Enquirer: 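Below: one structure in structure tokens.
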Protein chains: 2
Amino acid sequence: MSDELLTIRQMCDAFDVTPRTLRFYEARELIFPERRGQHRLYDRRDRARLTLILRGKRFGFSLEEIRQLLELYEPGGTNRTQIAATIDVGRQRLSDMEQQYAELRIAIEDLKLQLTDAEARLAAMSSDTTKG
Amino acid sequence: MSDELLTIRQMCDAFDVTPRTLRFYEARELIFPERRGQHRLYDRRDRARLTLILRGKRFGFSLEEIRQLLELYEPGGTNRTQIAATIDVGRQRLSDMEQQYAELRIAIEDLKLQLTDAEARLAAMSSDTTKG
DNA sequence: CGTTTCGCTTACGTTCGCGTCAACTTGTGA
DNA sequence: TCACAAGTTGACGCGAACGTAAGCGAAACG
């Protein structure tokens with residue numbers, strides 16, 4: 001079903017990214033597709049990670065920040081201090097995101113106001129004034 | 001009161017940016033401080049714009065996108081089509097931001113889950129397992 | 001059998017958002 | 001008058017996140 005392996009092209013189509021991007025993320029150690037011969041093959045885990053990567057990017061996080069976060073989404077049980085550090089990173093990101101969430105709400109309301117204002121102004125100059 | 005003119009340094013201190021940044025924004029036509037001789041002076045309007053610029057950046061908009069949006073916040077009454085275009089830009093941004101707002105909510109909940117999971121795992125390996 | 005097609009690597013190019021000089025003017029104070 | 005601070009304009013530099021082109025191997029297609 002969803003645990004089939006995808007080629008790089010299928011991945012690109014599915015996620016709307018370029019091959020270059022996928023190879024780049026791999027070089028930065030954000031995803032680890034297996035190699036069948038020379039070719040890369042992406043499994044469900046890779047897809048999940050890519051989803052998180054794109055999501056993280058959307059919120060303005062750098063690839064390095066995302067890389068650190070990704071450790072949280074894997075049961076990569078190393079040692080206690082390692083895990084604790086990862087958790088701290090996650091908490092920091094969470095805090096950032098909640099902050100951003102609040103700011104975004106304000107920005108949205110603000111923009112809405114300006115829009116209704118501008119729309120009113122536009123309506124006020126009813127269809128003449130076009131000729132300048 | 002709040003309509004005093006600020007020097008570039010005062011602006012930098014107030015908004016935690018560098019002079020280079022302010023001049024750069026000016027070069028990109030995002031702010032237009034007046035010139036008293038050679039020196040730049042920033043008024044209330046400039047400060048308002050800078051606030052919006054920094055806010056926009058926070059949400060991942062490019063300076064060019066922000067520049068377009070800024071027109072919405074000024075009564076720069078040119079002609080109808082011009083204003084209408086600006087409004088369209090604003091509506092697009094608003095749509096983007098509302099989309100991002102929703103995604104951010106999901107991402108936050110998701111991250112929270114992973115965090116509690118990780119914290120549970122950390123607690124489970126109660127203080128031994130430290131030795132590799 | 002030649003030739004696309006797909007993918008791989010290597011490597012240089014590009015855009016954005018500034019940082020970092022260098023060199024110059026302008027006011028201010030000892 | 002000299003120095004110094006604050007500001008100015010170039011110009012080059014830089015890291016992030018890719019784009020793009022060159023050149024190669026392997027597979028599939030007619």
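If you're wondering where the values come from, they're calculated on a predicted model, not measured in any experiment. In what follows, chains carry the letters A, B, and so on, assigned in the order in which the sequence lines appear, proteins first and then strands, with residues in each chain numbered from 1.
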Enquirer: Counting just side-chain N and O atoms, does B/T7 come under 4.0 Å of either OP1 or OP2 of D/dG7?
Expert: yes
Enquirer: How many whole angstroms separate atom CZ of A/R23 from atom P of D/dG19?
Expert: 11 Å
Enquirer: Round to the nearest Å and state the distance from A/R35 atom CZ to D/dG25 atom P.
Expert: 17 Å
Enquirer: Between A/H39 and A/K57, which residue's closest nucleotide on DNA chain D lies nearer the 5′ terminus?
Expert: A/K57
Enquirer: Rounded to the nearest angstrom, tell me the gap between atom CD in B/Q38 and atom C1' in D/dA5.
Expert: 16 Å
Enquirer: Give a yes/no verdict on a cation-pi contact between B/R49 and B/Y73, requiring under 6.0 Å between NZ or CZ and the six-membered ring centre and an angle within 45° of the axis.
Expert: no
Enquirer: Using the ring of A/Y101 (Phe, Tyr or Trp, six-membered ring only), decide whether B/R105 places NZ or CZ under 6.0 Å from its centre and within 45 degrees of its axis.
Expert: yes
Enquirer: Hey, does the side chain of A/T21 come within less than 4.0 Å of D/dA17's phosphate (OP1/OP2), counting only N and O?
Expert: no
Enquirer: Measuring to OP1 and OP2 of D/dT20, would you say a side-chain N or O of A/R20 lies under 4.0 angstrom away?
Expert: no
Enquirer: Is the distance from OP1 or OP2 of D/dT9 to the nearest side-chain N or O of B/R40 less than 4.0 Å?
Expert: yes
Enquirer: Is there a side-chain contact between B/T18 and the phosphate of C/dC18, meaning an N or O under 4.0 Å from OP1 or OP2?
Expert: no
Enquirer: Round to a whole Å and report the spacing from CG of B/L22 to C1' of C/dG17.
Expert: 13 Å
Enquirer: Quick one: A/Y25 OH to D/dG19 P, roughly how many Å, whole number?
Expert: 9 Å
Enquirer: Is the backbone of B/T7 close enough, under 3.5 Å, to the side chain of B/R40 for a donor and an acceptor to pair up by distance?
Expert: no
